[in-house]
Amino acid sequence: MLHRKDSDLGGAGEPPVVTVGSLDRYDGKVVRLRGWLYQGRSSGKIAFLMLRDGTGIVQCVAGRADVGDEMFDTARHATRESAIEVTGAVKKDDRAPGGFELLLSAFDVVSAAAEFPIGKKSHGTSFLMDHRHLWLRSKRPHAILRIRSTVSLAIRSFFDREGFTLLDAPIFTPAACEGTSTLFETDYFDTKAYLTQSGQLYMEAGAMAFRKVYCFGPTFRAEKSKTRRHLTEFWMLEPEMAYADLDDAVELAEHMVTDVTRVVLDRNAADLELLERDRSKLEAIAPPFPRITYDEALAILAEKGMAVKWGDDFGGDDETVLAESFDKPVFVWKWPKEAKAFYMKSDPDDDRYVLGVDLLAPEGYGEIIGGGERTDDLAYLEKQIDAHGLEPESFAWYTDLRRYGSVPHSGFGMGLERFVGWLCGTHHVRETIPFPRTINRLYP
RNA sequence: UCCUCGGUAGCUCAGCUGGUAGAGCAAGCGGCUGUUAACCGCUGGGUCGUAGGUUCGAGUCCUACCCGGGGAGCCA
């Protein structure tokens, strides 16, 4: 890695410093490991010490007769999560978790840890989240956040291959983008600024300049939501394409979801296994995803005894029931105008509808994507801004986009945490972000 | 904002029709040479969310408030 190899880190004649993740290359060799004591067990004559170094966990074995009384007692009394450096011979052994263990010849405490708050037995989520900075060292958060990392990388790689330009949207914004959600307000010198709730409008400007663009960054919603699907700060991916219609956006979404899912299946097999995720549910993901209209969705819901009034959005239970009718994510498109945002394009076949689309994830994970075709008609857009009670001056730059070479354009927004939550099978999205922000959590 | 469940040891929880506070884990000490959330023994550890009220007596019953979990609304 970088300019130094593992083995260069040792001094002359000293065993090489390596990582747990690469131990299989050193079977039979003496190596050094630097990490933290994840857990220890001992009897009077033999101690088993689990060393964690961020790349994996390995069992280190110390026999009193082999290492001497002083080192043996140091090792068995070391507190959990103490920083340690060990030297030993790598040995394949089926009794060791992971298949390899280290037969210790040296054990040094780099920094002794105080009593670690997170114990070996169960804890409540609230307690664990209060100690999120320490909880990150545990296996489950580690697996989920490694998958999140893969997803971020796979998304950027997908859009790069597809010819998109990454165009970062601003986080400070002068006014509401959509006018519906509650915004976080901040002092901005002598005026007020708001934290962005969507980069979409800026992406529309970008699409007219770069043709295909996307932004991928934090988004803020001051909604007082207390559900497993909501955070006040979350990451959103928002691609936008010029000369593109609703079908183009739908195809882009299903290919991206499929591509990213396959990368995770390939790269994070061990993490998915630790999370006890049913791989077959993810392996089934392939284009095309089923597409149903809003009206067809209402019919399915009515069949299952869940009456939704025409014009209303679906609730969490409705989404779950709908998604359960399919084994892949399902697109719901062509929505009643009143259920969607002001910038949505009218359905040319029936102006009671707009060309919006949601993607519902399977297994009750709900809406992970919302998007559609935006209106390219200046007069219609101005009418909609007025009808929604928005200030035209705030949207002057946005309406300009329809004044200077307006073309059909489409895109969508995807909530990263909901997507990762579905891939990982987590119960709550707060586990899918390193330091979650919710209505009553701003710490740590 | 509304509905619902909860708040007892550092953590996870038990505590019945009201009668002076319990377990497991963690911590400390001791034992054990192949453990897998090791096991066995001993020790220390409490303003029962807060404030009132009922009662001879409240963790337990009543009222208000505070805090948290889940859900609705809203949304990704």
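Note that this is a predicted model, so its numbers are computed, not measured. Numbers restart at 1 for each chain; the letters A, B, ... are given by sequence-line order, proteins then strands. Any value given below was found using the heavy atoms of this structure, including those in side chains, with hydrogens, waters and symmetry copies removed.
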**Request:** Please tell me which of A:Ala339 and A:Ile46 maps to the more 5' nucleotide of RNA chain B, matching each residue to the nucleotide holding its nearest heavy atom.
**Result:** A:Ile46

**Message:** Closest-nucleotide mapping onto RNA chain B: is A:Gly124 or A:Lys226 further toward the 5' terminus? I mean the 5' end.
**Reply:** A:Gly124

**Prompt:** Of the options A:Arg229, A:Arg148, A:Arg430, which is the one that meets A:Glu417 in a salt bridge (Lys or Arg N to Asp or Glu O under 4.0 Å)?
**Reply:** A:Arg148

On a whole-Å scale, what distance lies between the [atom1] atoms belonging to [N] and [M]?
N	M	atom1	result
B:A14	B:U60	P	16 Å
B:G69	B:C75	P	23 Å
B:C65	B:U12	P	27 Å
B:G68	B:U50	C1'	15 Å
B:G71	B:C42	P	44 Å
B:G44	B:G22	P	13 Å
B:A21	B:G45	P	15 Å

In whole angstrom, give the distance that lies between atom [atom1] of [X] and atom [atom2] of [N].
X	N	atom1	atom2	answer
A:Lys45	B:C39	NZ	P	21 Å
A:Arg80	B:G10	CZ	C1'	13 Å
A:Arg76	B:U35	CZ	P	17 Å
A:Leu442	B:C67	CG	C1'	16 Å

**Request:** Side chain of A:His428 only, please: which of B:G70, B:A76, B:U12 is the nearest?
**Result:** B:G70

**Shortest side-chain distance from A:Ser43, nucleotide among B:G73, B:G68, B:U33** = B:U33

Is any side-chain nitrogen or oxygen of [X] closer than 4.0 Å to OP1 or OP2 of [N]?
X	N	result
A:Arg229	B:A72	yes
A:Arg430	B:G70	yes
A:His230	B:A76	no

Side-chain donor or acceptor of [X] under 3.5 Å from a matching atom on the base of [N]?
X	N	answer
A:Ser225	B:G73	yes
A:Arg418	B:C75	yes
A:Glu101	B:G34	yes

**Request:** Go through the steps for A:Phe342 and A:Phe395 under the test ring-ring contact (aromatic ring centres under 6.0 Å, His included), then give the verdict.
**Result:** CA-CA 12 Å; A:Phe342 73 94; A:Phe395 291 89; 5.5 Å; yes

**Item:** Any residue of residues 313-335 of chain A with a heavy atom less than 4.0 Å from an atom of RNA chain B
**Value:** A:Gly315, A:Gly316

**Complete:** Under a 4.0 Å heavy-atom cutoff, the residues of residues 84-91 of chain A touching RNA chain B are none

**Prompt:** Is there aromatic stacking of A:Phe234 against B:A76, centre distance under 5.5 Å, plane angle under 30°?
**Reply:** yes

Show me the donor-acceptor pairs, under 3.5 Å and distance only, between side chains in residues 56-74 of chain A and residues at least two apart or in other chains.
from    : atom 1 : to       : atom 2 : distance (Å)
A:Gln59 : NE2    : A:Glu101 : OE1    : 3.2
A:Arg64 : NE     : A:Gly44  : O      : 2.8
A:Arg64 : NH1    : A:Asp69  : OD1    : 3.2
A:Arg64 : NH2    : A:Gly44  : O      : 3.3
A:Thr74 : OG1    : A:Glu70  : O      : 2.9

**Request:** With sequence neighbours excluded, tell me which residues meet salt bridge (charged side-chain N to carboxylate O under 4.0 Å, His left out) with A:Glu204.
**Result:** A:Arg402

**Prompt:** Under the salt bridge (charged side-chain N to carboxylate O under 4.0 Å, His left out) test, which residues partner A:Asp168, sequence neighbours left out?
**Reply:** none

**Message:** Once you apply a heavy-atom cut-off of 4.0 Å, does A:Ile369 come out as touching a base, just sugar-phosphate, or nothing?
**Reply:** sugar-phosphate

**Fill in**
Stems of at least 3 consecutive Watson-Crick or G-U wobble pairs (donor-acceptor distances under 3.5 Å) involving RNA chain B, listed by first number, are B:1-7 with B:66-72, B:10-13 with B:22-25, B:27-31 with B:39-43, B:49-53 with B:61-65

**Request:** Mind checking the CZ-CG spacing from A:Phe210 to A:Leu166? Nearest 0.5 Å is all I need.
**Result:** 10.5 Å

